[in-house]
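This report concerns only the one structure given below.
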Amino acid sequence: MKLRIAPSPTGYLHIGNARTALFNWLYARANNGKFLVRIDDTDTARSSEEYMLDIVENFKWLGIDWDEGIEVGGPHGEYKQSLRFDRYREVAESLLSSNLAYEDEGAIRFKVPSENQIKFEDITRGAMKFELDDVEDFIILRSDKSPTYHLASTVDDIDYEITTIARGEDILSSTPKHILIMQALNADIPSFCHLPLLFGPDGKKLSKRHGDTSVNLFREQGLLPDALFNYMCLLGWAPGDDLEIFSKEIAISKFNLDDVLPNPAIFDTTKLLWMNGQYIRNISYDKFNKLAAEKITIEIKRDLFDKERERIDKILPCVQERLETLNDITPQIYFLLDEPFEVNKEDWDSVNSEDGQEYLFAIRNKIKDLENFSLENIEKLMRDELKTQDIKPKVGFQITRVSITGTKISPPLFESIYSLGKDGTLARLAETIQKL
RNA sequence: GGCCCCGUCGUCCAGAGGCCUAGGACGCUGGGUUUUCAACCCAGAAACGCCGGUUCGAAUCCGGUCGGGGCUGCCA
């Protein structure tokens with residue numbers, strides 16, 4: 001069994017293409033088959049090297065690997081259609097000379113036999129039947145002698161011995177043309193599977209007009225590849241037993257193209273974000289720490305100082321619990337960086353009170369005298385002072401939070417203070433008190 | 001218009017004649033926990049497009065209808 005994905009490098013890797021690649025990959029892996037990646041760049045005007053690199057790079061990022069094709073090589077050259085135009089011309093010429101095609105204004109058209117029909121079995125859709133009367137003679141070689149998609153794709157599928165073609169449903173109506181070419185070339189007809197399309201929230205084929213739907217974007221937004229992978233699996237398929245969060249291994253062990261739903265799915269990022277949060281919470285501390293450092297560095301556009309790293313290390317476990325994407329990290333740890341510190345005016349006003357101010361003075365003096373600046377001692381000190389003054393936690397803690405972190409929304413208070421360190425905390429408190 | 005595909009909660013999925021007074025998840029609403037935001041826990045609202053037929057019995061099979069979508073390029 002051999003499957004393939006054949007992206008056209010006319011744009012960054014699109015989420016729809018990624019999903020198609022994923023299902024092909026899963027099916028190949030589930031059946032001990034081969035998976036091949038080739039580049040369908042017959043549209044030379046719109047294709048670019050940059051897009052090709054992006055597509056390949058993002059397949060890898062998602063954890064999709066391949067046994068044959070672009071970059072990894074194989075018995076059929078470089079797996080780029082733009083390098084095989086001679087081969088396609090040769091096939092077009094042979095079709096021409098055997099009278100199965102004809103010239104039309106410099107182009108070559110395939111002659112579709114009339115009064116006949118093409119039947120095939122689609123893996124997810126069952127029996128398909130097309131009347132050839134409805135299929136026009138179609139161009140296989142353009143007047144500039146470049147091949148069209150129908151020709152190039154079909155010739156490659158034959159030459160590379162693809163046994164199962166699983167692609168988007170948008171090509172379902174073109175399949176009779178491809179079968180026609182295969183028959184004309186006396187090739188074996190592979191199995192076909194037309195996967196349901198991914199729709200945007202408006203119920204239309206997912207495309208540019210729905211905004212950026214590239215895999216890149218999700219990557220930049222701080223999605224984990226495993227989370228995206230898992231989520232895409234769920235678009236048109238499920239492993240059963242109401243299992244929703246699962247590993248690639250599980251997916252491979254359960255996957256079957258037969259089970260893929262024939263109806264389109266709307267790509268909605270809400271659940272994806274939730275799932276990403278689940279994945280973030282499940283990765284190891286070390287891995288999270290590494291990812292977080294990378295993200296922060298990118299966002300503040302400089303390396304972290306050792307002191308900053310120490311502080312961030314302390315708070316990260318708390319941060320890991322309250323994230324949706326990796327991009328949510330920096331705002332939460334920003335108060336620990338050696339960057340200009342600012343208190344949000346609105347937040348300050350909403351937590352400011354006379355009791356609060358008194359509390360601030362008191363804990364500042366107590367912290368100054370605190371010898372062992374441990375998490376436990378900080379908590380004890382702050383709770384004791386609450387009792388001394390007989391005020392509610394909210395009154396004392398919230399004003400402290402804003403003084404220390406600059407905002408009402410932050411990681412847990414004691415951990416934040418502990419991470420900031422004694423000197424840092426005293427400095428922040430002093431700064432606030434001075435402004436009173 | 002023609003050809004083709006599709007139709008279960010707002011969304012994703014379960015359901016392959018009786019286990020369905022339709023299940024799970026996200027989201028939503030309410031509650032709990034709580035020093036903020038999250039996370040977490042509990043509860044709730046929420047769907048078989050419609051009409052016929054087959055059958056003792058249909059979300060499941062058939063027909064029609066309506067609705068949505070795709071293709072209809074010398075794009076893929």
Side-chain angles (χ1 to χ4, degrees), chain A residues 6-11 17 40-43 45-47 81 104-109 122 124-126 128-131 133-136 138-150 152-153 167-176 194 196-197 199 201-205 231-245 259 261-275 277-278 280-281 318-324 328 331-332 347 350-351 379 382-383 386 392-402 405 407-414 416:
Chain A
S8 292
T10 55
N17 264 129
D40 278 16
D41 54 351
T42 51
D43 186 351
R46 292 200 303 145
S47 297
Q81 294 190 330
D104 178 22
E105 296 186 27
I108 297 179
R109 274 186 196 276
D122 188 281
T124 70
R125 286 158 213 282
M128 294 293 131
K129 189 177 83 178
F130 289 85
E131 297 296 331
D133 278 343
D134 297 324
V135 182
E136 305 258 300
F138 56 97
I139 290 183
I140 53 175
L141 202 71
R142 302 186 187 103
S143 50
D144 67 358
K145 304 301 170 205
S146 67
T148 60
Y149 163 75
H150 300 304
S153 175
R167 72 232 297 200
E169 193 201 324
D170 49 349
I171 316 182
L172 180 54
S173 348
S174 294
T175 300
H194 291 92
L197 260 18
F199 283 176
D202 61 351
K204 303 244 195 313
K205 187 165 111 169
Y231 176 74
M232 287 195 295
C233 284
L234 255 18
L235 262 22
W237 179 75
D241 299 323
D242 289 329
L243 190 61
E244 300 223 278
I245 295 192
D259 301 330
L261 254 32
N263 51 304
I266 290 173
F267 186 84
D268 175 19
T269 53
T270 318
K271 190 167 182 173
L272 168 61
L273 290 175
W274 164 79
M275 189 172 277
Q278 298 295 310
I280 287 178
R281 260 155 248 137
C318 295
V319 173
Q320 186 172 4
E321 298 302 312
R322 55 198 73 226
L323 295 177
E324 214 159 45
D328 300 336
Q332 292 202 41
D347 284 1
S350 73
V351 299
E379 174 161 3
M382 294 188 67
R383 288 199 190 280
L386 239 36
K392 290 189 168 159
K394 196 164 187 171
V395 176
F397 289 173
Q398 281 299 76
I399 192 169
T400 310
R401 182 189 307 282
V402 176
T405 70
T407 141
K408 281 204 291 189
I409 298 173
S410 82
L413 187 55
F414 308 135
S416 294

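Just so you know, these numbers come straight off a predicted model, no measurement behind them. We name chains A, B, ... by the order of the sequence lines, and we start the count at 1 in each one.
Using a 4.0 Å heavy-atom distance criterion, Thr42(A) is classed as a sugar-phosphate-only contact. Residue-level contact check: Glu131(A) touches neither bases nor backbone, having no heavy atom under 4.0 Å from any strand. Among the atoms of the strands shown, only primed sugar atoms or phosphate atoms (P, OP1, OP2) are found under 4.0 Å from some heavy atom of Leu197(A). Using a 4.0 Å heavy-atom distance criterion, Ser143(A) is classed as a base contact.
Remark on RNA chain B: of its neighbouring residues Lys394(A) and Phe199(A), the 5'-side contact belongs to Lys394(A), judged by nearest-heavy-atom nucleotide. Nearest-nucleotide positions on RNA chain B place Pro239(A) closer to the 5' end than the other of Pro239(A) and Phe414(A).
Residues meeting the side-chain contact (heavy atoms from CB on, under 4.5 Å) test with Leu273(A), sequence neighbours left out: Leu223(A), Glu324(A), Thr325(A). Taking the side-chain contact (heavy atoms from CB on, under 4.5 Å) definition, one finds that Lys271(A) meets it with Tyr231(A), Glu244(A), Trp274(A), sequence neighbours left out. Partners of Asp268(A) under the side chain to side chain donor-acceptor pair (under 3.5 Å) rule, at least two apart in sequence or in another chain, are Thr270(A). Remark: Pro9(A) engages Ile39(A), Asp41(A), Ser47(A), Tyr51(A), Met52(A), Ile55(A) in a side-chain contact (heavy atoms from CB on, under 4.5 Å) (not counting sequence neighbours). Asp134(A) pairs by the side chain to side chain donor-acceptor pair (under 3.5 Å) definition with nothing, not counting sequence neighbours. Under the side chain to side chain donor-acceptor pair (under 3.5 Å) criterion, Arg46(A) pairs with Asp43(A), sequence neighbours left out. Not a single salt bridge (Lys or Arg N to Asp or Glu O under 4.0 Å) links Asp328(A) to another residue, sequence neighbours left out.
Under the 3.5 Å distance criterion, with hydrogens and angles disregarded, no donor-acceptor pair is assigned to the side chains of Thr124(A) and His194(A). No side-chain donor from either of Thr407(A) and Arg401(A) sits under 3.5 Å from a side-chain acceptor of the other.
A gap of 25 Å separates the C1' atoms of U55(B) and A14(B), to the nearest Å. Nucleotides G17(B) and C62(B) have their C1' atoms positioned 14 Å apart, rounded to a whole Å.
As a whole-Å value, the separation of Leu243(A) CG from G15(B) P is 13 Å. Summarising the geometry, the separation between CD1 on Ile171(A) and P on C71(B) is reported as 10 Å, rounded to the nearest angstrom. Distance, Ile139(A) CD1 to C74(B) P: 5 Å, rounded to whole Å. What separates CG of Asp242(A) from C1' of A25(B) is a distance of 8 Å, to the nearest Å. Taking atom CG of Leu386(A) as the reference point, atom P of U35(B) lies 9 Å away to the nearest angstrom. When rounded to the nearest whole Å, the span between CG of Asp43(A) and C1' of G73(B) equals 11 Å. Between the CZ atom of Arg46(A) and the C1' atom of A76(B) there is a distance of 7 Å, rounded to whole Å. Ile245(A) places its CD1 atom 10 Å from the C1' atom of C26(B), with the value rounded to the nearest Å.
With U35(B), C74(B), A76(B) as the candidates, the nucleotide lying closest to the side chain of Arg401(A) is U35(B). In the set C71(B), A14(B), C74(B), the nucleotide with an atom closest to the side chain of Lys205(A) is C71(B). The listed nucleotides are C74(B), C71(B), U36(B); the one nearest the side chain of Ser173(A) is C71(B).
A salt bridge is absent between Arg109(A) and Glu136(A); no separation between the charged side-chain nitrogens and carboxylate oxygens falls under 4.0 Å.
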task: Starting at the 5' end of nucleotides 5-12 of chain B, put B wherever the base has a protein heavy atom under 4.0 Å, S where only the sugar-phosphate does, and a dash everywhere else.
output: BSSS--SB
Collect all protein-nucleotide pairs involving nucleotides 37-41 of chain B in which both atoms are nitrogen or oxygen and the distance is under 3.5 Å.
from, atom 1, to, atom 2, distance (Å)
C37(B), O2, Arg322(A), NH1, 3.0
C37(B), N3, Arg322(A), NH1, 2.1
C37(B), N4, Arg322(A), NH1, 3.2
A39(B), O4', Glu321(A), O, 3.4
C40(B), OP1, Gln278(A), NE2, 3.3

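Residue Lys204(A) places no side-chain N or O under 4.0 Å from the OP1 or OP2 atom of G70(B).
Judged by Watson-Crick or G-U wobble contacts below 3.5 Å, the nucleotide A14(B) has no partner.
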